[in-house]
> 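Structure in C-alpha cells, see below.
When a ligand or atom number is given, it counts from 1 through the structure's own listing order.
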Amino acid sequence: MAEFKKTPLIGRLVVVGLGLIGGSFAKGIKESGLCREVIGVDRNPDTRRQAVELGVVDRCEEHLANACLGADVVQLAVPILAMEKVLEELSTLDLGQAVLTDVGSAKGNVARAAQRAFVGRPLRFVPGHPIAGSEKSGVTAANSKLFRRHKVILTPFDAIDEQALVLIDKLWRALDADVEYMSIEHHDEVLAATSHLPHLLAFTLVESLAKRSENLEIFRYAAGGFRDFTRIAGSDPVMWHDIFLANREAVLHTLDTFRDDLDALRQAVVTEDGHQLLGVFTRARAAREHFGKILARRAYVDPMQTKDLTYIASPGGSLSGRIRVPGDKSISHRSIMLGSLAEGTTEVEGFLEGEDALATLQAFRDMGVVIEGPNQGRVTIHGVGLNGLKPPPGPLYLGNSGTSMRLLSGLLAAQPFDTTLTGDASLSKRPMNRVAKPLREMGAVIETAEEGRPPLIIRGGQSLKGIHYDMPMASAQVKSCLLLAGLYAKGETSVTEPAPTRDHTERMLRGFGYPVSVEGSTAKVSSGHRLTATHIEVPADISSAAFFLVAGSIAENSELVLEHVGINPTRTGVIDILRLMGADITSENQREVGGEPVADLRVRSAPLTGIEIPEELVPLAIDEFPVLFVAATCAKGRTVLRGAEELRVKESDRIQVMADGLKILGVQAEPTPDGIVIEGGPMGGGEVESHGDHRIAMAFSVASLRASAPIRIHDCANVATSFPTFLSLAAQAGIRVKEEAIA
Ligand code: S3P
C-alpha cells in the first residue's frame with residue numbers, strides 16, 4: 001500500500017467504534033497516508049489502549065465531542081442499533097464541514113435515524129456498507145488489507161453534495177475496495193436476500209435440530225454438508241439480532257418469497273413430483289456454478305484484468321499429434337432448442353460447453369425446461385413439447401450469442417407470453433431486423449432498439465401465419481429462425497436462400513421426426529406435427545478445427561490429426577479454400593453420426609499460394625475467414641476475397657479488425673466494402689486488438705506460428721464462447737500461446 005503514501009487528502013479522520021471493521025478502516029487509512037491524523041473513539045478503555053499500541057489509530061478519545069473537533073470525516077462503525085444514539089449525540093456538536101459515513105449492514109434504518117437526528121440541520125452523510133467480514137472480531141483483528149478487492153456499497157441520498165461523496169469514495173478506493181453505488185432500498189433488499197436470509201436459515205436449522213434432545217445425538221453423524229450449510233450459525237448473535245431488527249421489512253419480504261418456494265418444494269415431495277424436484281435442483285446447481293465462477297474470478301483475477309484477458313503468442317513452433325476440438329456450436333444450440341420442444345427425453349453427447357451454447361441452455365431453463373448437465377459434454381433434456389414453454393422470470397440474457405438471439409426470436413414470436421432478449425455489448429450492436437422484418441410479415445409483434453438492434457421485446461399471444469420468404473442475404477440464422485416460427489404458423493412456411501448455408505436445422509428437425517421438405521434452395525415446414533425426443537451426438541466443430549487446419553498448413557514440419565470433425569458439406573468451405581491454396585488436408589475414416597457426416601482430418605505443412613476465393617464458397621466458410629486471412633498472409637502472392645459483406649456484422653467487423661491487426665504485424669491487407677485483398681509476406685510481432693471477437697483472438701494466436709516476434713492479443717475472454725479449451729489444445733498441438741500472467 002506504500003504507493004498511496006502521498007499528499008494527505010484530509011486532515012482528521014475520526015472512527016467511532018474500533019471493532020474489526022472500524023479498526024481495519026482506521027488502520028488502512030492511516031497506512032495510506034491520505035489523512036494527517038486518525039482518531040479512534042471507543043467506549044472500552046482496553047480497546048482504546050490496544051488501538052494505539054497496534055498502530056490502528058494515532059490517538060484515541062473517550063468522548064465524541066473532543067474527537068470530532070475539526071474533523072473532516074467521521075466514520076461510524078458501531079453496532080447498527082447503536083447508530084441512532086451516536087447520530088443524536090453528533091447532531092448536538094458543531095461538526096463544521098465534516099462528512100459523516102457509516103459501515104452498517106442495513107442502510108434504511110441508519111439513514112432514517114440520521115435524518116431524524118439532524119432534522120432542520122445540514123446533514124453531510126454518505127451511508128456505506130463494506131461487504132467484508134471475518135470470523136475474527138475486535139480491534140486486535142484489525143487488518144489494513146481487509147477491504148482489498150471487496151465490494152463497498154455506498155447508498156447516497158439524492159441531495160448529497162458531490163464533494164462529500166467523492167471524498168468517501170476516494171477513501172475506500174485507497175483501501176483497494178471495489179466501490180459500487182445503490183439506492184438505500186435496493187441495498188437492503190439485496191442484502192436481505194444474499195446475506196440476512198442465509199443467516200436466518202442457518203441459525204434456525206441448527207436451533208431447530210438442537211432443541212430436540214433426541215437430535216443432539218445426530219450432530220455426531222453430521223458430515224460436510226451440515227457443516228458447510230451451518231457455518232454462519234456460528235456468527236455473532238448480538239450483531240445478527242441487530243441486523244434483523246434494523247432490516248426488518250426487507251428480511252420479511254425475502255423470507256415470505258422463500259417460504260412460498262419451500263412450500264412448493266414440500267408439495268413436490270408430498271406428490272412425488274420428481275420432475276419438479278429435478279427442475280429446482282438442476283437450475284439451482286447451474287446458478288451455483290455460475291456464482292462459483294464469479295467468486296473465483298473475484299478472488300484470483302485483478303478486476304482490471306478481467307476486462308482485458310490478454311494472450312501472448314510466441315513466434316514459431318510446429319504441430320503434431322491427434323486432438324479432438326469441442327462440439328459444434330450450431331448443432332449444440334439446436335440440440336437444446338429442439339430437445340426442449342420435443343416430447344420425451346433427449347440425450348446429447350459432445351455438447352459444446354462454451355458460453356454461447358450455455359446461454360441457449362440457460363434460456364430454456366428459464367422457460368421451465370428441466371435440463372441436466374452439461375457434464376463432460378452430456379446433457380439430458382426433459383422436453384416439454386411445442387407448447388410447453390413457460391414465461392421466463394425476467395429478460396433472457398444471451399451474452400455474445402447471435403445464434404441464440406436470432407433462432408430464439410422465431411420460436412418466441414409464437415409463444416403465448418412476452419419475452420425480452422438481451423445480450424452483451426457486441427451482441428447489442430448486431431442487426432436483428434433481418435429476423436424481425438420477416439417475422440412481422442408472419443404476424444409477430446417485435447420491438448427493437450434503434451436501427452433494429454437488441455434488446456428485442458417479443459409480444460406473445462400472436463397467431464402467426466406461414467409465408468414464403470426470399471432471403472436477401474445467405475444466412476442460416478435467418479432461415480432457421482423462420483423455420484422455427486413455421487412450426488407454429490398457420491399453413492406452410494418456406495424460405496429460399498440466395499446461396500447454400502448450413503442446414504443443421506433442417507437435418508435436426510427431421511432427426512426429431514418433424515417433416516421438412518427441401519427443394520433446390522427452398523426449405524419448407526408446416527405446422528401441426530410434433531417433435532419426438534432423440535439421441536444426438538454432436539461432432540467436433542469444423543469452425544474450431546479450422547484454426548488447426550491453418551496452423552498445421554503454415555507451420556513447418558507439421559502433421560496433425562483432428563478427430564471426429566463434422567464435415568457437413570454446408571460447412572466445409574474452409575477445406576475447399578485451403579486446398580485451392582495448396583493445403584495438404586486429407587479426410588480419413590469418414591462415417592455418418594446422427595445424420596451428420598464426420599471424419600478425421602489429417603493436415604500436413606504445405607506451401608500455400610494466394611487465390612481469388614470463389615464467391616460461392618463464402619457462405620460455406622463464413623466463420624473461418626479470420627484464420628483464412630492468416631493463411632493468405634502466409635501464402636505466396638495475393639489473395640482476394642469478395643462477396644463477404646456479412647463479415648462486417650459478425651461478433652466484430654471481421655474485415656476491418658483483421659485488416660487492422662494484420663497491418664500492425666506488417667502485412668499488406670487492404671479492406672474493401674465486401675472483402676479484403678491480402679499480399680502474402682513476412683509477419684512481424686506486435687500488439688493487436690481482437691475487439692472481444694473469439695475468432696479474431698484465435699486467428700492471431702495461429703499467426704504467431706509464422707511471426708518473427710511475439711504477438712500480444714487483447715480482449716480474449718470471449719474465446720470461451722465457442723472454444724473454452726483453446727489454450728490447452730493449442731499447447732498440446734504445438735501453438736505457443738498463453739494467457740498473459742497477471743502482474
Ligand atoms: C450460424 C450461422 C452463421 C454463423 C454463426 C452460426 C448458425 O451466421 O456465422 O456462427 O448456427 O446458424 P449467419 O446466419 O448470420 O451467417
> Within the supplied structure, the quantity of interest is the number of heavy atoms (other residues, nucleotides, ligands) at a distance under 6.0 Å from Arg712 CZ; does it exceed 12?
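Yes, the 6.0 Å shell around CZ holds more than 12 heavy atoms from other groups.
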> Kindly assign one of parallel, tilted or perpendicular to the pair Phe629 and Phe625, based on the angle between their ring planes and the thresholds 30° and 60°.
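Taking Phe625 first and then Phe629, their aromatic rings sit tilted (interplane angle of 30° to 60°).
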> Compile the protein residues with any heavy atom at a distance under 4.0 Å from an atom of ligand 1; present them by chain, then by number.
Lys329, Ser330, Arg334, Thr403, Arg406, Ser475, Ala476, Gln477, Arg502, Ile622, Asp623, Lys650
> On a heavy-atom basis, which atom in Glu615 and which in Gly643 lie closest, and how many Å separate them?
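Minimum heavy-atom contact is OE1-CA, 3.8 Å.
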> Does the side-chain contact (heavy atoms from CB on, under 4.5 Å) test come out yes or no for Ile611 and Ile577, once each step is laid out?
CA-CA 9 Å; Ile611 57 165; Ile577 294 170; 4.1 Å; yes
> Check the surroundings of atom CZ in Arg530: do more than 12 heavy atoms from other residues, nucleotides or ligands lie under 6.0 Å from it?
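Result for CZ/Arg530: open.
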> Do Ser521 and Thr496 have side-chain atoms, one donor and one acceptor, less than 3.5 Å apart?
no
